[in-house]
Protein chains: 2
Amino acid sequence: MARRSDHSRDEIHEMVLLAAERLLETEGAGGLSTRKVATEIGYTVGTLYLVFENLDDLVQQINGRTLDRLYDTLIQATKDCADPQHCIEAMAHAYIEFAIAHRKRWQLVFEHVVTGDAPLPGDYQSKVKRMFDLVESQLNALLGVKASLQAANGARALWCGVHGVCSLAISQKLEVTGVKSVESLTDTLVDNFLRGLTAKRK
Amino acid sequence: MARRSDHSRDEIHEMVLLAAERLLETEGAGGLSTRKVATEIGYTVGTLYLVFENLDDLVQQINGRTLDRLYDTLIQATKDCADPQHCIEAMAHAYIEFAIAHRKRWQLVFEHVVTGDAPLPGDYQSKVKRMFDLVESQLNALLGVKASLQAANGARALWCGVHGVCSLAISQKLEVTGVKSVESLTDTLVDNFLRGLTAKRK
DNA sequence: ACCTGAACACCGTTCAAGT
DNA sequence: ACCTGAACACCGTTCAAGT
């Protein structure tokens, strides 16, 4: 059945990504394999290697898409809020909601082990940076223009914190510690941090 | 070569754990396999299943040991500090130092996917809780006895935050965002959070 | 040129059989 | 009783061979 040319290279590329994402959603990261994906799209394993470098490359591209979706979600969250403080709270909640709704996709992004030799691709890096910039611009609005350096560091520290809440909530290591709700925990972190940050300026 | 009885069950148990930890340290989580561990200790794969339920069980026990070490490190960090604020800062730095020094071990604890059917074993849960309690008692000292509920939530929120800094630092997704140093980032998070928390009480 | 499918070197897990 | 080792059902990756 060689030389089929039923699909273009780009079509196969997209078919693989869609099938892989479906597999990820249903079976989790452990169930994601080149052989299953190949079967799912009706091609042989070898074909995947014409379109992707290897499984790592495929995972990286799925993660790129996940970061795009996450970014869109955060943008949406800032649309319905008045002041910077509420915008940041809304983004934090949106971040955690997204992670819970797309648990396995989100886990794949952050569980993915970076192999020492090859750094993350450039567009992947910019996708991460873009997210931090979103928080930074809100902090800038909150603190005023003169404190831009503080906003830059603050945005990173705060967003790392939100990520930590999210990370422990998803890994189910939080329930044990008697947390009432992830939402209130997030608010505790964000509100106290912001109060501390604004108090500093006086 | 059957029926050797060179080692007791407990001895084999410990040999497996040590060999697995060595493999983890050198090759990372990906290089950890039952077959390699078996070869390393001079037994066949089947023998591992006399002592461990499966690979997941083995990983869980390694993680339990890692949490023990982490706890000891945090306890040590509180020995050389005067007031609660400095104790918390010291613990946060110790947490991150530990994660960087034992990168692969630490990653295995938090990347390990919890399979939905079986919850974490009880002693594993208590190991996690113990850590949060350590932070909580410092916050209690800082806030006074009347604010114990605030301390409980605050400890969880703050430690999730520290965990987030650690998590993103280890996964090398932070360097991209222009953070000067992980230490100063941690201080930014902890100091602003604590300032916000104490300001609230006035 | 496009795709196959067999091969290679790995996995986790089980369990009849050997001593 | 203790341990083996072969078997089963999986992996990722490569590449000569077929159309």
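Per chain, numbering begins at 1; letters A, B, ... match sequence-line order.
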#### Entry: Separation of atom CG in B/L48 from atom C1' in D/dC2, rounded to whole Å
14 Å
### Query
What residues, two or more places apart in sequence or in another chain, satisfy disulfide (SG to SG under 2.5 Å) together with A/C166?
none
### Query
Is a donor on one side and an acceptor on the other found under 3.5 Å between the side chain of A/H13 and the backbone of A/R9?
no
### Task
Grab the CG-P distance between A/L50 and C/dG5 for me, whole Å please.
14 Å
### Message
Measure CZ/B/F52 against P/D/dC3 and give the value in whole Å, please.
### Response
14 Å
### Message
Please determine whether a side-chain nitrogen of the Lys or Arg among A/R130 and A/D68 lies less than 4.0 Å from a carboxylate oxygen of the Asp or Glu.
### Response
yes
### Task
Send over the distance from B/I12 CD1 to D/dC3 P, rounded to a whole Å.
5 Å
### Message
Do A/V109 and A/Y124 make a side-chain contact, defined as non-hydrogen atoms from C-beta onward lying under 4.5 Å apart?
### Response
yes
#### Entry: Selection residues 62-91 of chain B - residue pairs positive for ring pair (Phe, Tyr, Trp, His ring centres under 6.0 Å), sequence neighbours left out
none
### Summary
Residue pairs meeting side chain to side chain donor-acceptor pair (under 3.5 Å), one or both in residues 151-167 of chain A, sequence neighbours left out, come to A/Y95-A/H163, A/E136-A/R156
### Task
Output yes when a side-chain donor or acceptor of A/R103 lies under 3.5 Å from a complementary backbone atom of A/I170, and no otherwise.
yes
### Task
Round to a whole Å and report the spacing from OH of A/Y43 to P of C/dT4.
7 Å
## Note on the structure
Counting primed atoms, P, OP1 and OP2 as sugar-phosphate and everything else as base, the B/S/- map of nucleotides 7-15 of chain C against protein heavy atoms under 4.0 Å is B---BBBBB
### Query
Quantified in whole Å, what is the C1' atom distance between nucleotide C/dC11 and nucleotide D/dC8?
12 Å
Output a table of donor-acceptor pairs, distance under 3.5 Å, between side-chain atoms of residues 20-28 of chain A and any protein atom two or more places apart or on a different chain; print 'none' if there are none.
residue, atom, partner, partner atom, Å
A/E21, OE1, A/R65, NH1, 3.1
A/E21, OE2, A/R65, NH1, 3.4
A/E21, OE2, A/R105, NH1, 3.4
A/E21, OE2, A/R105, NH2, 3.0
A/T26, OG1, A/R22, O, 3.0
A/T26, OG1, A/L23, O, 3.1
A/E27, OE1, A/K36, NZ, 2.9

### Summary
Per-residue pairing states of DNA chain D in dot-bracket (Watson-Crick or G-U under 3.5 Å; . unpaired, | other strand) read ||.|||||...|||||.||
